[in-house]
Amino acid sequence: MKIILSGVKPTGIPTLGNYLGALRNFGKFQEKMKDYEFFIFVADLHAITTPQDPLELKQNIRNVAALYLACGLKPENLTLFIQSEVHEHAEMAYIMQALVYMGELERMTQYKDKVLKQTQGVSSALFTYPALMAADILLYDAKFVPVGDDQRQHLELARDLAIRFNNRFGKTFTVPEGLIQEKGARIKDLQDPTKKMDKSTDNDRGCIFLLEPLSQIRKKIKAAVTDSDACVRFDPEQKPGIANLMTIYSVITEKSFGEIEAMYDGKGYGDFKSDLAEIVVKEIAMIQERYHYFVSSQELTTLLDEGRLRAHQLAQKKLKTVYQKMGLGR
Ligand code: TYM
């Protein structure tokens, strides 16, 4: 059995970045990699590494689960589940904490960035977060992990921990590999194209949320920061704003940068942005329609029930092996 695994944190509403860097790809990989089982989960234990309102969290968990299906995942070969419903994740995370070094966690750039923003009340779970992520992956012996670029370092750590465990206790874990797309793996903020588009942004104008009103999405794209050059050309160094918009355009339409440049040759940014706004709105309108269907459907509830059972079966077995190899218990 070969497994592909990924997760999304239910903190707020997923963004266009989450969609282009991750959610959209899950269904595409499913079409291409038919002999793989897909384990896709809502990473709710990851969400509580920063404070969450319980009622909002519950709604966000359901939203992310529904959005997986709305963004193209199919029920065939799919184990869809909620991380906290499979208690082995938390237990395996503890094992990973015993394996990982403080220095390794201190080097994680996402942690360093978050601590810069949140100077008070930083939880120890925010620090050990990559150990939980390694646990998620290694519990199921996932071969491939489709993620955006910001998870690259966490994934690398999961690989190191798998290798370390195997060296110490004998071959136990599959060493996972990332599936990071060349385009769309790091969508930038529309107001500050030096930063990644992030759902926990201070300025909502730079971030497109998958469930926000379509009229607002149009406005945000039209107000995106560009430059004074007025030429649609892909140059991430000199023209990061336009390069980001071209990336969004290219991933959704599957047109190359060269084709887009040729289409807008001699035209200003106005035409380009208007067209892009319609392209994005059309894509998100379809997602929203499907989301509204799935979010209150029995189909989703049944999938989550079945997913929990299947995930638990595998996780339980793996954790038992790990405990045995480490000499824990009787
Ligand atoms: P999260 O919830 O922050 O993001 C979910 C996915 O979206 C990708 N992503 C982006 N891609 C392109 N452009 C962006 N601006 C952008 N922002 C986010 C992320 O790379 C990710 O693939 N720790 C993970 C969730 C997780 C996980 C796992 C993933 C927990 N355990 C095990 C894979 C395997 C996270 O917080 O993702």
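First listed ligand is number 1; within each ligand, the first listed atom is number 1.
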Report summary line: Within 4.0 Å of some non-hydrogen atom of G184, the atoms of ligand 1 are 12 (C)
Report task. For this output row, return yes or no: ring centroids of F272 and Y249 closer than 6.0 angstrom. Result -> yes
Requested in this report: Output yes when K188 and D192 qualify as a salt bridge under the 4.0 Å nitrogen-oxygen rule, no when they do not.
Outcome: no
Query raised in the report: Just distances here: any N/O of G148 and N/O of ligand 1 closer than 3.5 Å?
Result: yes
Report task. May I ask you to decide whether K34 forms a salt bridge with E76, counting only side-chain N to carboxylate O separations under 4.0 Å? Result -> no
Query raised in the report: At a 4.0 Å cut-off, with the gap strictly under it, does some heavy atom of L20 reach an atom of ligand 1?
Result: no
Query - Proximity of F144 and Y36 rings by center, below 6.0 Å - result: yes
Report task. Mind checking whether V145 contacts ligand 1 via backbone (N, CA, C, O), side chain (CB onward), both or neither, at a 4.0 Å heavy-atom cut-off? Result -> side chain
Requested in this report: Return the option from T49, N18, T15 holding the heavy atom at the smallest distance from atom 17 (N) of ligand 1.
Outcome: N18
Query raised in the report: Would you say ligand 1 has an N or O under 3.5 Å from any N or O of K9?
Result: yes
Query raised in the report: P14: heavy atom below 4.0 Å from ligand 1, yes or no?
Result: no
Report summary line: I187 heavy atoms within 4.0 Å reach ligand 1 at atoms 12 (C), 13 (N), 14 (C), 15 (N)
Query raised in the report: Does NZ or CZ of K267 lie under 6.0 Å from the centre of the six-membered ring of Y264, at an angle within 45° of the ring axis?
Result: yes
Requested in this report: Give the residue, atom name and distance (to 0.1 Å) of the protein heavy atom nearest atom 37 (O) of ligand 1.
Outcome: Q151 NE2, 3.7 Å
Requested in this report: Measure centre to centre between the rings of F41 and H46, then say whether the value is under 6.0 Å.
Outcome: no
**Report entry** Within-cut-off N or O pair, M197 and ligand 1, under 3.5 Å
**Finding:** yes
Query raised in the report: Do E259 side-chain atoms and S256 backbone N/O form a donor-acceptor pair below 3.5 Å?
Result: yes
Query raised in the report: Does the R24 side chain pair with the main chain of V251, one donor and one acceptor, at a distance under 3.5 Å?
Result: yes
Report summary line: ring pair (Phe, Tyr, Trp, His ring centres under 6.0 Å) filter on F127, not counting sequence neighbours, yields Y111
Query raised in the report: Should D189 and K196 count as an ion pair when the cut-off is N to O under 4.0 Å?
Result: no
**Report entry** Any pair counted as salt bridge (Lys or Arg N to Asp or Glu O under 4.0 Å), so long as it reaches residues 172-182, sequence neighbours left out
**Finding:** K143-E177
Report task. Ignoring hydrogens, just give me the one of S200, G17, G7 whose non-hydrogen atom is nearest atom 11 (N) of ligand 1. Result -> G17
Query raised in the report: Going by the atom numbers of ligand 1, which of them fall below 4.0 Å from some non-hydrogen atom of L5?
Result: 32 (C), 34 (C)
Requested in this report: Please identify which atoms of ligand 1 are closer than 4.0 Å to at least one heavy atom of V8.
Outcome: 2 (O), 5 (C)
Requested in this report: Tell me which protein heavy atom sits closest to atom 31 (N) of ligand 1, plus the residue, atom name and distance to 0.1 Å.
Outcome: D136 OD2, 2.6 Å
Report task. State the atoms of ligand 1, each with its element, that fall below the 4.0 Å cut-off from a heavy-atom position in R186. Result -> 12 (C), 13 (N)
Requested in this report: Compare V147, L16, D150 and give the one whose heavy atom is closest to atom 19 (C) of ligand 1.
Outcome: D150
Requested in this report: Provide the number and element of each atom of ligand 1 under 4.0 Å from a heavy atom of A22.
Outcome: 6 (C), 7 (O), 22 (O)
Query raised in the report: Hey, is F39 touching ligand 1 through its side chain, its backbone, both or neither, going by heavy atoms under 4.0 Å?
Result: neither
Query raised in the report: So which bit of K199 gets within less than 4.0 Å of ligand 1, heavy atoms only: side chain, backbone, both or neither?
Result: side chain
Query raised in the report: Is any NZ, NE, NH1 or NH2 atom of the basic residue among D150 and R186 found under 4.0 Å from an Asp or Glu carboxylate oxygen of the other?
Result: no
Query raised in the report: Side chain, backbone, both or neither: which part of A185 comes within less than 4.0 Å of ligand 1 when only heavy atoms are counted?
Result: backbone
Query raised in the report: Okay, side chain of K199, backbone of K9: is any donor-acceptor separation there less than 3.5 Å?
Result: yes
Query - Which of the ligand 1 atoms, numbered from 1, are nearer than 4.0 Å to a heavy atom of Y129 - result: 23 (N), 24 (C), 35 (C), 36 (O)
**Report entry** Proximity of D198 to ligand 1 by residue part, where a heavy atom lies under 4.0 Å
**Finding:** neither
Query raised in the report: How many angstroms lie between CG in L161 and CD in Q97, if you round to the nearest 0.5 Å?
Result: 11.0 Å
Report task. Looking only at distances, please establish whether an N/O atom of ligand 1 is found under 3.5 Å from an N/O atom of D149. Result -> no
**Report entry** Ring centre gap for F81 and F38 strictly below 6.0 Å
**Finding:** no
Requested in this report: Heavy-atom contacts with I137 under 4.0 Å: which atoms of ligand 1 show up? List them by number with element.
Outcome: 32 (C), 34 (C)
Requested in this report: Considering heavy atoms of the protein only, find what lies nearest to atom 30 (C) of ligand 1 and give residue, atom and distance to 0.1 Å.
Outcome: H46 CE1, 3.3 Å
